[in-house]
2 protein chains.
Amino acid sequence: MADDERLREWAEQVAMYLARDGVPPIAGRILGRLMVCDPPEQSAAQLSAAIGASRASLTMNLRLLTGMGFLTWRTRPGDRTMYYRMADDAWQAVVRKQIAGIAAFLDVTRQGLDLLGPESDRAARVRQAHDTYAWMAKVFDDAPPIGQEER
Amino acid sequence: MADDERLREWAEQVAMYLARDGVPPIAGRILGRLMVCDPPEQSAAQLSAAIGASRASLTMNLRLLTGMGFLTWRTRPGDRTMYYRMADDAWQAVVRKQIAGIAAFLDVTRQGLDLLGPESDRAARVRQAHDTYAWMAKVFDDAPPIGQEER
DNA sequence: CACTGAGTTCAGTTCATACTGAAACTCACG
DNA sequence: CGTGAGTTTCAGTATGAACTGAACTCAGTG
């Protein structure tokens with residue numbers, strides 16, 4: 001019966017993970033909540049009650065998550081309430097962002113290599129970083145598309 | 001001749017990137033600096049001057065970076081000064097940490113799947129996240145070791 | 001045995017960010 | 001129109017992280 005409590009804790013874990021990527025705590029809790037709530041579509045008021053944050057905070061963070069592509073919403077005829085749900089590709093978006101981070105850093109290392117000559121000992125240190133990230137980028141390039149994996 | 005200025009800016013870019021992983025700004029600047037400085041080994045005092053941070057901050061952040069495995073240091077006979085340098089596998093360590101993050105999140109999603117039954121609509125939402133991260137984990141598992149890539 | 005130059009520690013300050021309460025706003029419905 | 005259920009905005013507060021200054025310790029030197 002402490003089932004609700006467990007779900008709350010689980011959503012918190014999700015939030016803590018997302019916090020590493022700079023997602024504010026409440027936004028993380030919202031996404032976590034929307035992964036396990038029933039029904040899958042919830043109003044700001046419901047979410048506010050579920051995670052214990054102010055409605056104002058919900059407005060802000062729902063807007064943020066929606067803008068990031070993690071959430072979608074719809075309204076129902078004759079009902080002003082907005083119902084939010086997790087976007088189908090929410091987590092692929094998270095991953096896409098992380099992969100984009102690799103490319104961003106490759107830009108930095110490339111600039112570094114340009115700044116220093118190609119021959120110096122210093123360039124070797126920069127190249128070390130560059131090669132490591134180039135490896136990662138290549139790994140993803142060569143990877144099969146995101147089909148279904150085993151559990 | 002604004003060469004030093006350029007290097008400083010470059011180190012700053014490195015720092016900003018690392019900040020995304022929760023590395024404090026000054027620690028990031030130190031690592032960035034140690035990638036492009038000459039000679040490769042520098043004392044806390046030299047680094048302090050180069051990046052414009054207090055010695056106290058240097059002590060803290062050098063300790064942090066060393067503990068994380070990004071830096072090594074040595075002393076010279078008859079000289080109390082510690083000379084720091086970038087560890088050879090500094091950037092592989094960064095990458096390793098990121099990959100570990102994937103596994104950590106897989107633990108969370110697995111817990112979620114256990115909490116909800118296997119059949120519910122809710123579980124499908126969690127599985128979506130799980131599958132995405134499982135895909136990433138697999139990509140790295142199947143990847144060739146980190147040999148040398150083309151520039 | 002004082003002096004210098006190095007590293008360490010810690011309390012305090014600064015700064016950014018997230019969150020909240022309260023007021024303003026909007027729209028469907030009577 | 002007016003009312004109420006909903007959302008949005010905004011100013012203020014709280015919290016926490018990071019950095020610094022200043023006091024301290026310690027090893028080697030003249």
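Given the structure is predicted, the values throughout are model-derived calculations rather than measurements. Throughout, a chain's letter reflects where its sequence line sits, starting with A, and its residues are numbered from 1.
The nearest whole Å value for the distance from the CG atom in A:Leu18 to the P atom in C:dA18 is 14 Å. Rounding to whole angstrom units, CZ of residue B:Arg74 and C1' of C:dG7 are separated by 18 Å. Note: CZ (A:Arg76) to P (D:dT7) measures 12 Å, nearest angstrom. In this structure, CE of B:Met82 is placed 10 Å from C1' of C:dA6, rounded to the nearest angstrom. As a whole-Å value, the separation of A:Leu62 CG from D:dG6 P is 15 Å. Following rounding to the nearest Å, B:Gln42 (CD) and C:dG7 (P) show an atom-to-atom distance of 13 Å. Spacing between atom CE of A:Met16 and atom C1' of C:dA18 amounts to 12 Å, rounded to whole angstrom units. If you take CG of A:Leu64 and P of C:dC19, they are 10 Å apart, rounded to a whole angstrom.
Using a 4.0 Å heavy-atom criterion, one finds that B:Thr81 contacts the sugar-phosphate atoms exclusively.
B:Thr81 approaches B:Ser43 most closely through the heavy-atom pair CG2-CB, 3.4 Å. Contact detail for B:Leu34 and B:Pro40: the closest heavy-atom pair is CD2-O, 3.8 Å.
Side-chain contact of A:Asp107 with B:Gln13: a donor-acceptor pair under 3.5 Å is absent, judged by distance alone.
Between A:Phe140 and B:Phe140, the ring-plane angle classifies as perpendicular under the 30° and 60° cut-offs.
No continuous path of hydrophobic side-chain contacts links A:Val23 to A:Met16 [ILVMFWY only; heavy atoms under 4.5 Å].
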### Letter per nucleotide, 5' to 3', of nucleotides 16-30 of chain D [B base touched, S only sugar-phosphate touched, - untouched; heavy atoms, 4.0 Å]
--SSBB----BS---
### Task
Given side chain to side chain contact (heavy atoms under 4.5 Å, CB included), test B:Gln98 with A:Gln98 step by step and report yes or no.
CA-CA 10 Å; B:Gln98 292 183 345; A:Gln98 292 182 347; over 6 Å; no
